[in-house]
Amino acid sequence: MGRKILHVDMDAFFAAVEQLRRPDLRGKPVVVGGDGNPHKRGVVSTASYEARAFGIHSAMPLRTAYAKCPHAVFLAVDFAAYGDYSRRVRAILHEYTPLVEPLSLDEAFLDVSHRPDDPVALAQDIRAAINARTGLTASVGVAPNKLLAKIASNLRKPDAVTEIRLETVAEMLRDLPTTVLWGVGPKTAARLGEALGVRTVGELCSIPLAALQTLLGDHHGEYLYHICRGEDDSPVVTEWEPKSISRETTYQWDTRRRDVIVRTISSLVGDVIDDLREEGYVARTVTVKIRYRDFATHTRAQTLPAPVGDAATVLQTAVALLERFAMDRPVRLVGVRLSNLVKPGREPGTGNRNFFTPLVRSEGRRLPVTG
DNA sequence: TCTGGGGTCCTTATCCTC
DNA sequence: TCTGGAGGATAAGGACCC
């Protein structure tokens with residue numbers, strides 16, 4: 001008997017919450033992103049379906065979105081509010097199973113294998129419960145594994161339940177572009193297209209393992225070989241530990257002034273240390289990231305002899321790292337990252353929450369702890 | 001009109017130790 | 001003592017995800 005996995009994906013989540021809070025926005029194009037000013041640097045986090053009709057989508061620069069639809073309502077991202085709704089939705093999900101893996105504020109996997117119910121009926125139930133109790137709509141994918149459940153929830157939106165069965169996998173995936181697969185982005189899709197003439201999942205299935213490994217490396221090649229066939233044994237992971245904690249900021253106007261950058265780093269260090277403490281970690285590695293005006297992005301890192309948790313040491317390390325960058329061009333972004341995280345008095349965390357490793361189980365691979 | 005922020009993991013190169 | 005390789009740690013960049 002196979003597993004029963006659901007993928008619950010809230011529809012246009014940020015924008016939907018805004019429309020819920022402000023009924024006057026319903027039916028209007030709403031764009032959530034940045035600080036809500038479409039004339040400043042920033043990108044679209046979420047566009048309402050009304051805004052999408054104008055060609056606006058996530059990750060689009062706010063200025064571009066404004067050009068496409070000047071009369072759209074532009075709003076700042078309000079993570080506190082979305083977190084609130086996210087917790088309410090999650091609480092509903094937990095009424096159905098303790099095996100809930102949140103993927104982000106607006107997505108989660110559920111393992112309902114242990115329930116006798118028909119999974120599609122269960123998905124309909126969950127969708128209705130979310131709508132009745134929050135006013136928000138969700139799309140749910142039903143499948144024998146996480147990979148297919150995620151693809152399924154994306155096939156029909158919004159407010160829909162879509163099932164992919166093992167016996168229909170090949171047929172349902174065959175003509176879809178390779179980018180529907182998790183881990184295939186624009187670069188990989190282009191390489192597959194140029195080197196192998198592969199555009200669809202079905203075409204990808206016809207490529208031998210060795211050819212994929214030659215093109216993309218052993219690991220990624222093997223990964224694609226399995227996922228294009230809908231194969232994925234990864235468990236629903238209910239707990240994980242962070243691997244890194246970071247903060248970064250983009251200037252409204254590029255700068256080459258060292259004093260400005262040092263002040264930014266100081267502020268970022270303060271924020272990142274706050275997060276580190278909140279999570280209860282200390283860190284060994286400090287990384288400074290600089291993105292220049294031409295978008296070239298560089299990092300410089302230093303691993304300290306012992307984990308640290310105080311702002312002064314991290315700041316001192318970060319400022320020293322800054323000296324290793326060529327300040328020959330204006331800087332648009334500065335970031336600070338802490339990694340090699342350790343809980344004081346414990347071994348480094350081995351928790352896992354990623355998109356590559358757990359999707360396909362293979363021999364000898366370390367697997368995350370399941371709930 | 002460019003191109004956010006917070007993450008994860010992979011690959012490759014290099015250095016060091018055994 | 002010299003040399004070579006294995007393998008871990010570190011560093012940097014890149015791809016991807018939401």
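Below, chain A is the first sequence line, B the second, and so on; all start at residue 1.
The distance from atom NE2 of A:H219 to atom C1' of C:dG14 is 16 Å, rounded to the nearest whole Å. Atoms CZ (A:F79) and P (B:dG7) sit 11 Å apart, rounded to a whole Å. Rounded to whole Å, atom C1' of B:dG6 lies 12 Å from atom CZ of A:F14. The interatomic distance linking A:L341 (CG) with B:dG6 (C1') rounds to 13 Å, in whole Å. As a whole-Å value, the separation of A:R332 CZ from B:dT3 C1' is 6 Å. One can place CD1 of A:I227 at 17 Å from P of C:dA15, the figure rounded to the nearest angstrom.
Of the options A:T168, A:L173, A:I227, A:V142, a side chain to side chain contact (heavy atoms under 4.5 Å, CB included) to A:L148 is made by A:L173 and by none of the others.
Mapping A:S45 and A:D218 onto DNA chain B by nearest heavy atom places A:S45 at the nucleotide closer to the 5' end. Of the two residues contacting DNA chain B, namely A:I245 and A:S58, the nearest-nucleotide position lying further toward the 5' end is that of A:S58.
Atom P of B:dT1 sits at a distance of 29 Å from the matching atom of C:dC17, rounded to the whole Å.
The glycosidic torsion of B:dC2 lies within 90° of 0, which places this base in the syn conformation.
Using a 4.0 Å cut-off, some side-chain N or O of A:H298 falls inside it from OP1 or OP2 of C:dG13.
Minimum atom distance to the side chain of A:K150 is reached by C:dC17, of the listed C:dC17, B:dT3, C:dA11. The side chain of A:R284 lies closest to C:dT10, out of B:dC2, C:dT10, B:dG5.
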Let's go through A:S86 and A:R90 carefully: what are the C-alpha distance in whole Å and the side-chain angles of both, what is the deciding distance for side chain to side chain donor-acceptor pair (under 3.5 Å) to 0.1 Å, and is it a yes or a no? CA-CA 6 Å; A:S86 181; A:R90 213 165 286 174; 3.2 Å; yes

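Cation-pi geometry between A:R88 and A:Y85 is satisfied (NZ or CZ under 6.0 Å from the ring centre, within 45° of the ring normal).
Annotation: side chain of A:K343 is in contact with side chain of A:Y281 (closest heavy-atom distance under 4.5 Å).
Under the stacking criterion of a centre-to-centre distance below 5.5 angstrom and an interplanar angle below 30°, A:W182 is not stacked against the six-membered ring of C:dC17.
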